[in-house]
Amino acid sequence: MDSPHGAAVKAEDFGLKGPRGWVFRNIGIDAAPGSITAVEGPSGSGRTCLLLALTGRMKPTAGHAEVGGHRLPKKMAAVRRIAALGPVSGVNDLDQALTVAEQLREGALLQRRYEGPIRALLRPRGERRASTAARIEEALAVAGLDLATLPKGPRTSVRDLERLESVRLSVAIALLGEPRLLALDDLDLKLSDAERAEAWALLRAIAARGTTVFAVCSEAPQDIPVVRTGTPYVKPDAKPATTPDAKPETSAKPEADAKSDTTPDAKPDTDAKPDADAKPETAPDTNTNTKPNTKGTDDALAEARRA
């Protein structure tokens, strides 16, 4: 497996808008070939969607990006041929019913069938098997996954892997296609401090071989450049609606005070009724102003992930 030449990644005002709002927007990137870039941001701010857009798996709607000389969104198919996904939950999850060896063979077969050159399918079966075994062995070495250390060796079930071992397996499968760009989601999820250090050491080794790396994480090392996604965009239309609701509360009190000063002792019972009526008027208004904002944001993020 030859070391690939990394893909330069540049983006300007890059954004993606779903049916109910922005998923991410105003992203600027300037990553050199063979570099590592971390993607940080609060949960639901479009970090995963940014990875999918940069690798040609999701069509952006604002700005533009260029990956390895291929401009997005026009050249999405060309970007997909040079970019690979590591672990991305909900997109390319490992099959928990397979063994590690079966998962690797499946990844190699899919890569050869859909991403490899057509002439590779015409080679003799023995030559194809030897070539596949060599690629798997080298990918495992780069990913740092030693099958001999697993509980049952290559026959270990995927469901029995530790979190870091699962990440290494996903990375090894992605490296079978010799990508110029590798994208990983939630790199440091459920990892100890020592395991996080090992994960970043793995990415540094991959970048040193020439592959450009993008990784979503909660906190990147100090020497890693960071691209941050903001909070989900909320329309400002609902903000003025909260101001009229607060005014009637102050204006209603002087009216009740004025009536109580001029009326006899028998009338305070009737004056209490407008106060009780005024309270339900303000409570529904405040609730209806806050609910659409959060619901709209959640719906937009859900639509983007289903896409």
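Throughout, residue positions are numbered sequentially from 1 according to the sequence presented.
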Are [X] and [Y] close enough that some pair of their side-chain heavy atoms sits under 4.5 Å apart?
X	Y	answer
Asp186	Arg47	yes
Met76	Lys59	yes
Phe24	Cys49	yes
Thr99	Thr156	no
Glu66	Val9	no
Asp188	Ser218	yes
Leu94	Ile173	yes
Arg71	His64	yes

Contact summary for [X] and [Y], nearest pair of heavy atoms:
X	Y	result
Arg57	Ala83	NH1-O, 3.2 Å
Thr212	Gly34	OG1-N, 3.0 Å
Leu72	Ala53	CD1-O, 3.3 Å
Ala65	Phe14	CB-CE1, 3.7 Å
Ile82	Val67	CD1-O, 3.9 Å
Ala220	Trp200	CA-CZ2, 4.1 Å

Would you check, one step at a time, whether the test salt bridge (Lys or Arg N to Asp or Glu O under 4.0 Å) holds for Glu40 with Arg228? CA-CA 5 Å; Glu40 294 182 0; Arg228 290 183 173 85; 3.7 Å; yes

Given salt bridge (Lys or Arg N to Asp or Glu O under 4.0 Å), test Glu198 with Arg168 step by step and report yes or no. CA-CA 10 Å; Glu198 290 185 39; Arg168 291 185 186 277; 3.3 Å; yes

In plain terms, say whether Asp223 and Arg204 are close enough for a salt bridge, that is, a side-chain N and a carboxylate O under 4.0 Å apart. yes

Joint hydrophobic cluster, [X] plus [Y], side-chain heavy atoms closer than 4.5 Å:
X	Y	result
Leu16	Ile29	yes
Val79	Val91	yes
Ile224	Leu187	yes
Val88	Val23	yes
Leu98	Leu169	no

Quick check: does any side chain N or O of [X] sit under 3.5 Å from a backbone N or O of [Y], one acting as donor and the other as acceptor?
X	Y	result
Arg163	Leu191	no
Ser166	Glu162	no
Glu195	Ser192	yes

For Gln96, look at atom CD and say whether over 12 heavy atoms of other residues, nucleotides or ligands are found less than 6.0 Å away.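 Result for CD/Gln96: enclosed.
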
Could you grab the distance from atom [atom1] of [X] to atom [atom2] of [Y], nearest 0.5 Å is fine?
X	Y	atom1	atom2	result
Leu181	His70	CG	NE2	11.0 Å
Leu150	Arg155	CG	CZ	13.5 Å
Glu165	Ser170	CD	OG	12.0 Å
Leu104	Leu147	CG	CG	6.5 Å
Leu54	Lys10	CG	NZ	14.5 Å
Ile27	Leu50	CD1	CG	5.5 Å

Checking Asp95 against Arg159 for the salt bridge (Lys or Arg N to Asp or Glu O under 4.0 Å) test, could you report, in this order, the C-alpha distance in whole Å, the side-chain angles of both residues, the deciding distance, and whether it holds? CA-CA 8 Å; Asp95 192 335; Arg159 68 169 62 92; over 6 Å; no

Of the options Val171, Ile206, Leu202, which is the one that meets Leu184 in a side chain to side chain contact (heavy atoms under 4.5 Å, CB included)? Val171

What do the steps show when you test Val142 against Arg209 for side chain to side chain contact (heavy atoms under 4.5 Å, CB included), and what is the final call? CA-CA 9 Å; Val142 175; Arg209 298 177 68 255; 3.8 Å; yes

Determine, step by step, whether Thr132 and Ile136 satisfy the side chain to side chain contact (heavy atoms under 4.5 Å, CB included) criterion, reporting the C-alpha distance in whole Å, the side-chain angles of both residues, the deciding distance to 0.1 Å, and the verdict. CA-CA 6 Å; Thr132 299; Ile136 290 176; 3.9 Å; yes

Side chain to side chain contact (heavy atoms under 4.5 Å, CB included), that's the test. Do Arg180 and Thr211 meet it? Break it down for me. CA-CA 5 Å; Arg180 298 174 59 190; Thr211 304; 6.0 Å; no

With side chain to side chain contact (heavy atoms under 4.5 Å, CB included) as the test, would you mind laying out the steps for Phe214 and Val39 before giving the verdict? CA-CA 7 Å; Phe214 274 75; Val39 180; 4.2 Å; yes

